[in-house]
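Right, one structure below, let's go through it.
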Protein chains: 2
Amino acid sequence: MDDVAAKAGVSRALVSLVMRDSPRVSDNSRAKVLQAAQDLGYRPNAWARNLASGQTNTIGVMLNDLHNPYFTELAEGVAAAAAEAGMEVLITSGWQRESGEHTAIDTLLNLRTDGIVVGAARFSSEVFEEIAQQTPTVAVAYFHEHDSMDTVCNHEAHGSELVVEHLTSLGHTRIAHIDAGNAPGAPERRRGFMTAMTLRGLAPIVFDGDFNEHAGHHAAEQLMQLNEPPTAIFAANDLSATGVLAHLRSIGVRVPDDVSVVGYDDTVLAGLGALSLTTVHQPRQLFGQRATELLLERISGRSAAKHELIEPRLVTRSSTGPVNES
Amino acid sequence: MDDVAAKAGVSRALVSLVMRDSPRVSDNSRAKVLQAAQDLGYRPNAWARNLASGQTNTIGVMLNDLHNPYFTELAEGVAAAAAEAGMEVLITSGWQRESGEHTAIDTLLNLRTDGIVVGAARFSSEVFEEIAQQTPTVAVAYFHEHDSMDTVCNHEAHGSELVVEHLTSLGHTRIAHIDAGNAPGAPERRRGFMTAMTLRGLAPIVFDGDFNEHAGHHAAEQLMQLNEPPTAIFAANDLSATGVLAHLRSIGVRVPDDVSVVGYDDTVLAGLGALSLTTVHQPRQLFGQRATELLLERISGRSAAKHELIEPRLVTRSSTGPVNES
DNA sequence: CTCGTTGTATAGAGCGCTCTACTAATTGAT
DNA sequence: ATCAATTAGTAGAGCGCTCTATACAACGAG
């Protein structure tokens, strides 16, 4: 910076002003400084800048798992909202291990980013509390309602409600849900299903499962061996639904003619022509955007916690159809 | 830090030593300092630390597109290798737009990370050159051979060779390739296919396509209308192959009984039971690891460029079978 | 009893920037 | 001509840390 100042024949402070696009610089000097910076290949050192200014203009994003499209779309929403607010985004990932998540959060905390968006970490309530005390924090897809941080969640139960609504309107009454135990979001989906069924006077059939293809395959196998197999199967997520589809196909059951299948998440899988799965769409980018907006509010002073529930939407494709009791 | 020093009754410098795990501190003082830091909730400020020490102990990763599993697995490899070397990892993404990539790289450059791993950016050769001049750089899946930076690439052509080898060993001779124009990697895959076919005295059938489902669908439609349709279709990637599968299914052509289908990349799609696609597997995590190793070598002084080509592997699933000329 | 030696701890400069407070020059209203 | 107001630029302290040089015990060796 000194070099640039010297070359342009001005003070260091002026260079600083130019680099920050201050309006209190004459066009003349601005041009000189920019030219000198260009010639010297100067670029401001972010560490020094942030240290001196006391703010980083950066928001940190910690993601549980970069492989999961859920999180990357979330990050995309954050990036979009942050860009709009003129802030930078730095991402760290826990790579699915809790120790990794701690490292990732520590990195961000040491960096003193203006705030942190946490995508569904495995942290205990206490750890979250601790983080939220050190910096503005918004958790996405994490259900406990701390008052030290904001949260943005999908209204999981409502998604299940939409599915039951859709299937019953097609005439289905024997509907089975393949759940995913206590995995994040699964209990809410299951409860939503049971409530919606009960409300309609229907018996909720629930089968143990998981968020993967194998679980769907296995559960479908068992379900189809019942005396009265269900006419519709609602899997806890798309991957599981894919397993269901694979099994049904292998035993010659037609979809949706004989059995309707529904997933959850609307991942890229669901949209594939070869699967064309009816599923529950979560506006994942919107999650990121809202999270960032909440974070910015926090950063500029709000102290009362906000907890948002975002409504999912049903996407109807060709894996569901009218019931066929033949 | 001053507060911690005061509370522990020692100098600021000693606190610094403790925070850096220096061996030249007595157990007694170390305990005192650690206790004081704990009580005060002190955590070192990374910006100040890096500014003062002149090194960041961090490597930056710039990814073209976080949604693409290719890149996230790459990042995972980087993270693993970096963790082993005791370095932190910071990720930025260009979100598929070139302007975004520039911002992302600038963020990293301003951060003065010790080095940068770039995952297949759309940058021109000159831009790459410019980046490499400012900091140690390794490009992954980028084919130009600069001598100012290292590269790690998949041996794309060899993957195609493996596919042709596999198909011809099953008796196929009319093999079509659906390519992806000039998209990154596509020309190499196409050339590899053509070479391998020609070498066996077979006519390479190449069809225009792209790296998406629709392209595969469309190309398959055209291919099957030929007087002598191919008995095997090799798509430029898994997504495209999925489109092929969807079309074949829709017109009642059985896979692999009537036509064999092969993809490229071995994404999660290929492994799904409902698709079970034979495909070319790229060791993406290995790319990240090698890239990081090369980067660390660069950081510690190597100046001659290294360019590595990594061998892919064929994964045989149930979308390919013996030719059936009926 | 002095001297190097080793193990601990400290002072204080400096990393590259921003920010506050100030000066100098220009303008325009009285 | 005078004075406040505005504009353009500068000096220098300070952000929170690391690092070099140095101090000071305590110790065994000469």
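Residue numbers begin at 1 in each chain, while the letters A, B, ... track the order of the sequences. Quick caveat, the model's predicted, so the values are computed rather than measured.
- Between Asp21(A) atom CG and dT18(C) atom P there is a gap of 12 Å when expressed in whole angstrom units.
- The interatomic distance linking Met1(B) (CE) with dA11(C) (C1') rounds to 14 Å, in whole Å.
- Closest to the Ala48(B) side chain, of the nucleotides dT18(C), dT8(C), dG16(D), is dG16(D).
- In the model, Arg43(B) has a side-chain atom that pairs as donor or acceptor with a side-chain atom of Gln134(A) under 3.5 Å.
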>> Run Arg284(A) and Asp265(A) through salt bridge (Lys or Arg N to Asp or Glu O under 4.0 Å) and show every step you take.
In response: CA-CA 9 Å; Arg284(A) 293 175 282 257; Asp265(A) 285 345; 5.1 Å; no
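- One interatomic measurement links the two molecules: CG of Asp3(B) to C1' of dC15(D), which rounds to 14 Å at whole-angstrom precision.
- Shown are Val78(A), Thr137(A), Val138(A); of these, the side chain to side chain contact (heavy atoms under 4.5 Å, CB included) with Leu295(A) is made only by Val138(A).
- Nucleic acid contact class of Arg24(A) (heavy atoms, under 4.0 Å, all strands): base.
- Close to dT18(D), at under 4.0 Å from its OP1 or OP2, lies no side-chain N or O of Ser53(B).
- Residue Ala52(A) has its side chain nearest to dC15(D) when only dG16(D), dC15(D), dC19(D) are considered.
- The separation between Leu17(B) atom CG and dA21(D) atom C1' is 14 Å, rounded to whole Å.
- Under 3.5 Å, the side chain of Arg12(A) and the base of dT18(C) form at least one donor-acceptor pair of N or O atoms.
- Ring-plane geometry between Phe123(B) and Phe128(B) is classed as perpendicular, the angle between the planes exceeding 60 degrees on a 0 to 90 degree scale with a lower cut at 30.
- A straight line from CG of Leu14(B) to P of dA11(C) spans 10 Å, rounded to a whole angstrom.
- Separating the CG atom of Leu51(A) from the P atom of dC15(C) is a distance of 13 Å, rounded to the nearest angstrom.
- For the side-chain hydrogen bond (donor to acceptor under 3.5 Å, both in side chains) criterion with Asp150(A), the lone passing option out of Arg298(A), Lys306(A), His307(A) is Arg298(A).
- Closest-nucleotide positions on DNA chain D for Val25(A) and Ala13(B) were compared, and the one nearer the 5' end corresponds to Val25(A).
- At the phosphate of dA9(C), OP1 or OP2 sits under 4.0 Å from a side-chain N or O atom of Ser26(B).
- Inter-axis angle, ends of the helix from dC1(C)-dG30(D) to dT30(C)-dA1(D), five pairs per end, rounded to 10 degrees: 50°.
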